[in-house]
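Here's the structure we're looking at; comments come further down.
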Amino acid sequence: MFGPLPALHKLALVLAALIVCTGLGFWLGAMPEVPINLRAGVLAGTVAGAAAAFALVHDFRQRQARPARARRRLH
């Protein structure tokens, strides 16, 4: 989605997605109104974070092969 990024920025996006989604899963698991225990909430949040991180840093565009260009040498 974000295209080609430096490795540090990709790592920051992946960590941010994992932290946010795991925190949301923890929050849902800790709420007494939601019938999910804490472990299941954290696990679901981590899985959702991993999927979100993959979607954020993966390039989904199809790249077409380009023919190689040869340079002509002038004598």
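All figures in this text were calculated on a predicted structure; none of them were measured in a lab. Side-chain atoms are counted along with the backbone in the values below, which use heavy atoms only and exclude waters and symmetry mates.
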Verify same cluster id: Leu18, Val57 (apolar side-chain graph, 4.5 Å): yes
Spatial distance of atom OG1 (Thr22) from atom CG (Leu43) [nearest 0.5 Å]: 9.5 Å
With sequence neighbours excluded, residues passing ring-ring contact (aromatic ring centres under 6.0 Å, His included) with Phe54: His58
From CD1 (Ile19) to CG (Leu24), nearest 0.5 Å: 12.0 Å
Which atom of Leu38 lies closest to which atom of Ala30, heavy atoms considered: CD1-N, 3.9 Å
